[in-house]
A.B. asks: 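Next up is a structure, given as structure tokens.
None of the values given here were measured: they were computed from a predicted structure. Numbers here are sequence positions counted from 1.
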Amino acid sequence: MQSKNGDTTNGQPTDVLIDKETDSLIICANVNQRVVRWSRRSGTTQGEVLIGNIRCWGLAMDEQRYLYVSDYGKNEVRRYQLGKKIGTLVAGGNGRGGGLNQLNFPTYLFVDRQQNVYVSDYVNNRVMKWVEGAIEGIVVAGGQGAGSALTQLSSPQGLFVDTFGTLYVADSRNHRVMRWTQGAKQATVIAGGNGQGARANQFYYPVGLSFDRHGNLYVADAGNHRVQRFSIE
């Protein structure tokens, strides 16, 4: 939920994840430039600041319970051990730009079992994959300038990678969700792609996506103030 007027406890959140081990929410409160943990137990009145002074946008957690945070102020992604204030650089951190070792307004993240970090590089209209320990990333989607061709993205946001390495991206300004199989030069439209609108086959600026255990796709359709569910073959 967005904070009430005058409530500066959390700021406006851009991303949230559930830490099942501690039964808590980890929230990226970008207005207040911090990451907070908020217990889901009843009676909680205040969150715990995990990381301060960070222009965070996206969050992810790997199987070892390391926390990954994108910082659009420093154009980098860092990995944090829970309880530690200092993180390890895992993507970007070389200034704002379009080089393979740079990011320009990183937003959402996904981390796979090998600790490969996928980053929606918003202004560069691409998704980057940073292998563990790499000094530069690999373009795995887009990177051909802003556009609506099947080789292009326009302001990518939420993303998900399945166990086969297939990448799903919320292509926000093209109002569609794209699927990029590993190594593919172009993508397939799996939802939306029928122009901006409010019909069941349309989006208006989709920002987030997720899958359930049955393979259903859920899309946060921001401009239409709704969440859509799709059955994907």
A.B. asks: Starting from Tyr68, can I reach Val35 by hopping between I/L/V/M/F/W/Y residues whose side chains sit under 4.5 Å apart?
C.D. replies: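 Shared cluster, no.
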A.B. asks: Under 4.0 Å between a Lys/Arg side-chain N and an Asp/Glu carboxylate O for Arg55 and Glu76?
C.D. replies: no
A.B. asks: Taking Asn116's backbone N and O only, do any of them form a donor-acceptor pair with Asp112's side chain (distance below 3.5 Å, no angle check)?
C.D. replies: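 Confirmed, Asp112 side chain pairs with Asn116 backbone.
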A.B. asks: Evaluate the side-chain contact (heavy atoms from CB on, under 4.5 Å) criterion for residues Arg79 and Leu67: first the C-alpha distance (whole Å), next the side-chain angles of each, then the deciding distance (0.1 Å), finally the verdict.
C.D. replies: CA-CA 6 Å; Arg79 179 176 63 218; Leu67 180 66; over 6 Å; no
A.B. asks: Is there a side-chain contact (heavy atoms from CB on, under 4.5 Å) between Tyr122 and Gln157? Walk through the geometry before answering.
C.D. replies: CA-CA 7 Å; Tyr122 185 84; Gln157 297 248 41; 3.6 Å; yes
A.B. asks: Apply the test side-chain contact (heavy atoms from CB on, under 4.5 Å) to residues Leu153 and Val127: give CA-CA distance (whole Å), side-chain angles for both, the deciding distance (0.1 Å), then the verdict.
C.D. replies: CA-CA 9 Å; Leu153 296 168; Val127 175; 4.1 Å; yes
A.B. asks: Is a side-chain N or O of Asn125 found less than 3.5 angstrom from the main chain of Gln152, in a donor-acceptor match?
C.D. replies: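 Here the side-chain-to-backbone pair does not exist.
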A.B. asks: Test of understanding: clusters of I, L, V, M, F, W, Y form through side-chain heavy atoms closer than 4.5 Å, transitively. Do Ile51 and Ile27 belong to the same one?
C.D. replies: no
A.B. asks: I need the minimum non-hydrogen distance between Asn75 and Pro106, along with the two atoms involved.
C.D. replies: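 Between these two residues, the closest heavy atoms are OD1-CD, 3.6 Å.
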A.B. asks: Taking the side chain from Arg226 and the backbone from Ala198, do they hold a donor-acceptor pair closer than 3.5 Å?
C.D. replies: yes
A.B. asks: Check for a donor-acceptor pair, side chain of Ser70 on one end and backbone N or O of Thr107 on the other, with a separation under 3.5 Å.
C.D. replies: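 Answer holds: yes.
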A.B. asks: Going by atom types alone, do Gln115 and Asp62 pair a side-chain donor with an acceptor below 3.5 Å?
C.D. replies: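 Judged by distance alone, the side chains do pair up.
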A.B. asks: Start with the C-alpha distance between Gln202 and Asn194, add both sets of side-chain angles, then the distance that settles side chain to side chain donor-acceptor pair (under 3.5 Å), and finish with yes or no.
C.D. replies: CA-CA 6 Å; Gln202 292 180 305; Asn194 297 299; over 6 Å; no
A.B. asks: In terms of relative ring orientation, are Tyr72 and Trp57 parallel, tilted or perpendicular, with 30° and 60° separating the classes?
C.D. replies: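 The arrangement is perpendicular - the two ring planes meet at more than 60°.
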A.B. asks: Are there more than 12 heavy atoms of other residues, nucleotides or ligands under 6.0 Å from atom OH of Tyr218?
C.D. replies: yes
A.B. asks: Is it true that Val169 and Val123 fall in one hydrophobic cluster, defined by side-chain heavy atoms closer than 4.5 Å?
C.D. replies: yes
A.B. asks: Does Lys185 form a side-chain contact (heavy atoms from CB on, under 4.5 Å) with Gln144? I'd like the steps, not just the answer.
C.D. replies: CA-CA 11 Å; Lys185 299 299 182 184; Gln144 306 293 320; over 6 Å; no
A.B. asks: Check whether Val69 and Val49 end up in the same hydrophobic cluster, where Ile, Leu, Val, Met, Phe, Trp and Tyr are linked by side-chain heavy atoms less than 4.5 Å apart.
C.D. replies: no
A.B. asks: If you round to the nearest 0.5 Å, how far is CD1 of Ile138 from CE of Met128?
C.D. replies: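 Met128 CE to Ile138 CD1: 8.0 Å, rounded to 0.5 Å.
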A.B. asks: In terms of ring plane angle, is the pair Phe160 and Tyr168 parallel, tilted or perpendicular, where the classes change at 30° and 60°?
C.D. replies: tilted
A.B. asks: So if I apply the side-chain contact (heavy atoms from CB on, under 4.5 Å) rule between Val177 and each of Asp171, Leu217, Leu159, which one comes out positive?
C.D. replies: Leu217
A.B. asks: With clusters defined by side-chain heavy atoms of hydrophobic residues (ILVMFWY) lying less than 4.5 Å apart, directly or transitively, does Leu59 cluster with Leu82?
C.D. replies: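 Both belong to a single hydrophobic cluster.
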A.B. asks: Salt bridge or not for Arg229 and Asp212, using N-O below 4.0 Å?
C.D. replies: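 Looking at Asp212 together with Arg229, the answer is no, because their closest N to O distance does not fall below 4.0 Å.
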A.B. asks: For the pair His175 (side chain) and Tyr205 (backbone), establish whether a donor and an acceptor sit closer than 3.5 Å, ignoring hydrogens and angles.
C.D. replies: yes
A.B. asks: For Ser39 and Ser24, work out which heavy atoms get closest and say how close.
C.D. replies: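 Nearest heavy atoms, Ser39 then Ser24: CA-CB, 3.8 Å.
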A.B. asks: Just checking, is any N or O donor in the side chain of Ser154 or Arg173 under 3.5 Å from an acceptor N or O on the other one?
C.D. replies: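 There is no such pair (donor and acceptor under 3.5 Å, judged by atom type) between the side chains of Ser154 and Arg173.
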A.B. asks: Ion pair present between Arg126 and Asp121, side-chain N to carboxylate O less than 4.0 angstrom?
C.D. replies: yes
A.B. asks: Should Asp15 and Tyr108 be marked as a side chain to side chain donor-acceptor pair (under 3.5 Å) after you check the CA-CA gap, both sets of side-chain angles, and the distance that decides it?
C.D. replies: CA-CA 8 Å; Asp15 204 4; Tyr108 292 100; 5.6 Å; no
A.B. asks: Is the count of non-hydrogen atoms from other residues, nucleotides or ligands lying under 6.0 Å from Asn53 atom CG greater than 12?
C.D. replies: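 At most 12 heavy atoms, drawn from other residues, nucleotides or ligands, come within 6.0 Å of this atom.
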A.B. asks: Are Phe203 and Phe230 close enough that their ring centers fall under 6.0 Å?
C.D. replies: yes
